[in-house]
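The figures here come from the full heavy-atom set of this structure, side chains too, leaving out hydrogens, waters and symmetry mates. Chain letters run A, B, ... following the sequence lines, proteins first and then strands; every chain starts at 1.
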Amino acid sequence: MTRGRALPPRVAPDAPAVATARQSVVDWFDGRGWAPFAFQTDTWDAYLDGRSGLVNVPTGAGKTWAAWGGPLIELLAEHAVTPEPSSRRARRVDGLRVLYLSPLRAVARDIELALRAPLDALAPDIRVEGRTGDTASSLRARQRRVLPPVLVTTPESLSLLLSYDDAPARFAGLRAVIVDEWHELMGSKRGIQVELALARLRRFAPDVRTWALSATIANLDVAAKAAVGVDATPTLVQADIDRPVEIDVLLPHDVGAFPWAGHLGIEMLDPVVEWLDPDVSTLVFTNARSQAEQWAQAIVQARPSWASRVALHHGSLERADREVVEAGLKSGELTIVVCTSSLDLGVDFGPVDRVMQIGSPRGVARLLQRAGRSGHRPGATSRITCVPTHGVELLEIAAIREAVERGDIEGRLELAHPLDVLTQHLVTCALGGGFTPDGLLDEVRTAWAYRNLTASDFSWALELVTEGGKTLRAYDEYRKVEPVDGRFVVPREPVARLHRMNIGTIISDPSVTIAFRGGRSLGTVEERFVARMKPGDRFVFAGRVLELVRFSGVRAVVKAAKGRSNHVPRWGGGRLPISDPVSRALRRYVAEARVGAATGPEREAVQPLLDVQLAMSDLPDRDELLVETTETRDGWHLFVFPFEGWLVHEGLAALIALRASRVAPSTFTMSSNDYGFELVAADPYPFADVVNHALFTTDDLDADIAEAVHVAELQRRQFRVVSRVAMLVPQNRPGKQKGMKYLQTSSDLLFDVFKDYDPDNLLLAQAEREVYEQHFERDRLAAALERIADHEIRFVTTERPSPLAFPLVIERVRARVSSETLAQRLARLRGV
DNA sequence: GACCTGCTGCGGGATG
């Protein structure tokens, strides 16, 4: 439902100046081999028509230039191609016209540099500048006074700009906003913050047009609406560009000896180093930072002569060192870079020749993103070689390829009006010129995520930042915003400063810096990793073997050590479950393997393992749920295999355990992975009598989950995020070291206060909602239960854990015991 | 027969 008016075109597309400008732009791009693509012209026309929208382009197809065409034409038409002959001054553009948002500041820098070339050639008077957190302070000071005609920046820096009191005037002349990598931003609180900022910009500059650039996702229509807001009807431009993807798999030499479980995949070292070529630039993606460290080390140990050509890149390495690696890749000095998602997005190192993925990419979009790093230009074929780390992953990779071929790609989750982001935004707006409540509520509701925001929720958030809400009114620091002559503003400078220091929605835990004695920093690790070590202990980090010299709490001093070490830091981080499209394809492939209908190298390779599974147990047909029971010295086991991803399985395991114990009381321990989950009872348990469809009902789902899982504890943890985004607990304070203890106790304290004295606090409710949505993937869990309701339960009793069940046993045992005893436990298990 | 995990991203302003 839109309630907009048609925006009048600011530049008539058929005007002579526009035609001339268009020709100049086309000529310039043609001269550099950037022939205008069909979709560019569509976008340019839509832009010049005054419309907003979204351009859907495969990764690496030149979408940046596609989006710049329209604004360039307009800038040229107005200010360069037809200058006032009498006065050079008339050609100068004063104030901001075009804003480009990139989620990565490194990319923002690259775009800024790249855009200077056409502007210098076509309209030297039009300045382009970047602005991010590391922009030189002299330039930032100048930008405080006047913004350049073209500004390239990050979402957080835009919010900062909106927090200055002259924001309305500074953005009044804005004509275009381009939002890059919109598929990455939307569905996260960063994206929501962008939506709020765009709503504000549209208020300051009513004719501004927004063009979002997105890779393919399932819900592009929603992405487009979120980008343009509710007052406009988005134009969706589909790039007419073919970007074929080829997915190879590196098979193990001896398929029979391939492990049933595991993630590291180091058994594949030989085939991998045989496949790698030190003269061919290659990105080797892994799923975890510790895995990247181990693979980089293993590759160099296997091929010492490659040492100078192999490098490591992940998010815990010192930023400067990462930039050196990116530069080395660009110059060709480095050819093999082992990395994590840190190189997923467009750091401009130029195209690499090959991409390898160790372990399942778990999702279609992620595979396409990484494959897109190769042959990074329009029309080229992307190639990716997947390396499975255990048997079933062979099937998973084949399933992902099938999902790619069918175009079955993931959507992005929509977040419904998160009040922590809104709370932060209210203070930003109060700083940036102030607001009236009614006016701001109307404005906020034009943001897609807040279109259904109730007046009472808005008032609640407003009361929180003005009065500290119900419970915090006694404390001055929560009374940030005050009405002055009818406008809500921030009168106190210290409040303003603290707010600006904390703008943004990215929450990260403090960590320990690893540095040489001379002071050079190598990156960061988690505190608990260093805390367990004593001086003299060795470990591998940043691709080197290091020895701990001393540890002071926030800083660990190290020196280079000789020899080897197997001690590698682990970092906490998200672990992605296999996505919905992958689940669907995987279930189909499992069913086909059951009747031996598998074709293709991977599926043939994994068939021996599945034959063992068939011999020991069974495989589920498409309308079946496989359930196994067995008995070991550990106890009485139940294994269930819905193939829905580990998050859903965690919720399901707790749910089924609760419901089973209502039928026949017992205590269970649980484990889960992407394929299924396990319940174990220490005493004999009648699983065969208890497990039936009644356990899988969606009736009372939320209530049962709340009872089965300690939701309050998860909610408390989630509230740490919510309270920091809402800036009830600022991460940074002037002159103060941010400490984990401080952040956690402050947040926990607030949580307890709210629970006791303000149980209806909306931020508490939001933390709870986020637990259900994100921790349990509630909607997917419910859908899984509905699917299972129609399925037949295929119940099998096995003598020992089957190939599908065994990894769940490992998972559970690993969580409880040290590594020495794990080996013993597994040996014992083998003997059963 | 089988094995030991878990991503990324941003960010003040004045002063010396």
**Student:** Are A:Glu323 and A:Arg105 close enough for a salt bridge, meaning some N to O gap below 4.0 Å?
**Tutor:**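 No salt bridge links A:Glu323 with A:Arg105.
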
**Student:** Check every strand shown and say whether A:Arg142 touches a base, only sugar-phosphate, or nothing at a heavy-atom separation below 4.0 Å.
**Tutor:** nothing

**Student:** Where the side chain of A:Glu156 is defined as all heavy atoms beyond and including C-beta, which of B:dT8, B:dG1, B:dG11 is the nearest nucleotide?
**Tutor:** B:dG11

**Student:** NA contact type, A:Arg144, heavy-atom cut-off 4.0 Å: base, sugar-phosphate, or nothing?
**Tutor:** nothing

**Student:** Among B:dG6, B:dG1, B:dG11, which nucleotide sits nearest the side chain of A:Glu811?
**Tutor:** B:dG6

**Student:** Rounded to the nearest angstrom, tell me the gap between atom CZ in A:Arg812 and atom P in B:dC3.
**Tutor:**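 That distance rounds to 17 Å.
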
**Student:** Using a cut-off of less than 4.0 Å, is there contact between a side-chain N or O of A:Ser290 and OP1 or OP2 of B:dG6?
**Tutor:**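 Looking at the OP1 and OP2 atoms of B:dG6, one of them is under 4.0 Å from a side-chain N or O of A:Ser290.
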
**Student:** Are any of A:Ser157's side-chain N or O atoms less than 4.0 Å away from OP1 or OP2 of B:dC10?
**Tutor:** no

**Student:** Do A:Phe539 and A:Phe529 have ring centroids that are under 6.0 Å from one another?
**Tutor:** yes

**Student:** Any side-chain N or O of A:Arg319 under 4.0 Å from OP1/OP2 of B:dC10?
**Tutor:**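 A:Arg319 to B:dC10 OP1/OP2: side-chain N or O found under 4.0 Å.
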
**Student:** Of all the nucleotides listed (B:dC10, B:dC7, B:dT5), which has the minimum atom distance to the side chain of A:Thr154?
**Tutor:**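 It is B:dC10.
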
**Student:** Nearest to the A:Leu104 side chain among B:dG11, B:dG9, B:dG1, which nucleotide is it?
**Tutor:**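 That would be B:dG9.
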
**Student:** In plain terms, say whether A:Glu129 and A:Arg142 are close enough for a salt bridge, that is, a side-chain N and a carboxylate O under 4.0 Å apart.
**Tutor:** yes

**Student:** Contact class for A:Leu609 vs. all strands (heavy atom < 4.0 Å): base, sugar-phosphate, or nothing?
**Tutor:** nothing

**Student:** Check whether any side-chain N or O of A:Arg289 sits under 4.0 Å from OP1 or OP2 of B:dT5, and answer yes or no.
**Tutor:** no

**Student:** Reckon A:His390 touches a base, only the sugar-phosphate, or nothing at all at heavy-atom distances under 4.0 Å?
**Tutor:** nothing

**Student:** B:dT8, OP1 or OP2 - any side-chain N/O from A:Thr340 closer than 4.0 Å?
**Tutor:** yes

**Student:** At under 4.0 Å between heavy atoms, what does A:Ser159 touch on the DNA or RNA strands: base, sugar-phosphate, or nothing?
**Tutor:** nothing

**Student:** Is it true that A:Arg812 and A:Asp634 have a side-chain N and a carboxylate O under 4.0 angstrom from each other?
**Tutor:** yes

**Student:** From the set B:dC3, B:dG11, B:dT8, return the single nucleotide nearest to any side-chain atom of A:Arg322.
**Tutor:**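 Of B:dC3, B:dG11, B:dT8, B:dT8 is nearest to the side chain of A:Arg322.
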
**Student:** Could you state the CD-P distance from A:Glu267 to B:dC3, rounded to the nearest angstrom?
**Tutor:** 7 Å

**Student:** What is the distance from CZ of A:Arg190 to P of B:dT8, rounded to the nearest Å?
**Tutor:**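 Interatomic distance, CZ of A:Arg190 to P of B:dT8: 14 Å.
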
**Student:** Let me spell it out: for each of A:Ser341 and A:Arg500, pick the nucleotide of DNA chain B with the closest heavy atom. Which residue's pick is nearer the 5' end?
**Tutor:**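 On the 5' side of the pair lies A:Ser341.
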
**Student:** Atom CG of A:Asn673 and atom P of B:dA2: how far apart are they, to the nearest Å?
**Tutor:** 19 Å

**Student:** Would you kindly give the CG-to-P distance between A:Asp134 and B:dG11, to the nearest whole Å?
**Tutor:**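 About 7 Å, once rounded to whole Å.
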
**Student:** Testing the basics here: between A:Leu312 and A:Gly543, what is the closest heavy-atom pair and its distance to 0.1 Å?
**Tutor:**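 Shortest heavy-atom contact: CD2-N, 3.4 Å.
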
**Student:** Please answer whether B:dA2 and A:Phe806 are stacked, defined here as ring centres separated by less than 5.5 Å and planes angled under 30°.
**Tutor:** yes

**Student:** Rounded to the Å, how far apart are A:Trp646 CH2 and B:dC7 C1'?
**Tutor:**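 In whole Å, B:dC7 C1' and A:Trp646 CH2 are 13 Å from each other.
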
**Student:** What I want to find out is whether A:Arg190 reaches A:Glu156 closely enough, with some N-O distance under 4.0 Å, to be called a salt bridge.
**Tutor:** yes

**Student:** Heavy atoms only, 4.0 Å cut-off, all strands: where does A:Arg362 land among base, sugar-phosphate and nothing?
**Tutor:**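 The answer is base, as A:Arg362 lies within the cut-off (heavy atoms under 4.0 Å) of a base atom.
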
**Student:** Among the nucleotides B:dG11, B:dG1, B:dT5, which one has an atom lying closest to any side-chain atom of A:Arg570?
**Tutor:** B:dT5

**Student:** What is the nucleic acid contact for A:Thr132, judged by heavy atoms within less than 4.0 Å: base, sugar-phosphate only, or nothing?
**Tutor:** sugar-phosphate

**Student:** Taking the inter-plane angle between the rings of A:His390 and A:Tyr675 on a 0 to 90° scale, is it parallel (under 30°), tilted (30 to 60°) or perpendicular (over 60°)?
**Tutor:**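 Rings of A:His390 and A:Tyr675: perpendicular, as their planes differ by over 60°.
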
**Student:** Remember a base hit wins even if backbone is also touched, and classify A:Gly504 as base, sugar-phosphate or nothing at under 4.0 Å, heavy atoms.
**Tutor:**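 Nothing: the residue A:Gly504, judged by heavy atoms under 4.0 Å, touches no strand.
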
**Student:** Given B:dT8, B:dC7, B:dC10, identify the nucleotide with an atom nearest to the side chain of A:Ala288.
**Tutor:** B:dC7

**Student:** Which nucleotide, B:dG11, B:dT8, B:dG6, lies nearest any side-chain atom of A:His314?
**Tutor:**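 Nearest to the side chain of A:His314 among the choices is B:dT8.
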
**Student:** Rounded to whole Å, please give me the gap between CZ in A:Arg366 and P in B:dC7.
**Tutor:** 10 Å

**Student:** Using atom CD of A:Gln291 as one end and atom P of B:dC4 as the other, report the distance to the nearest whole Å.
**Tutor:** 11 Å

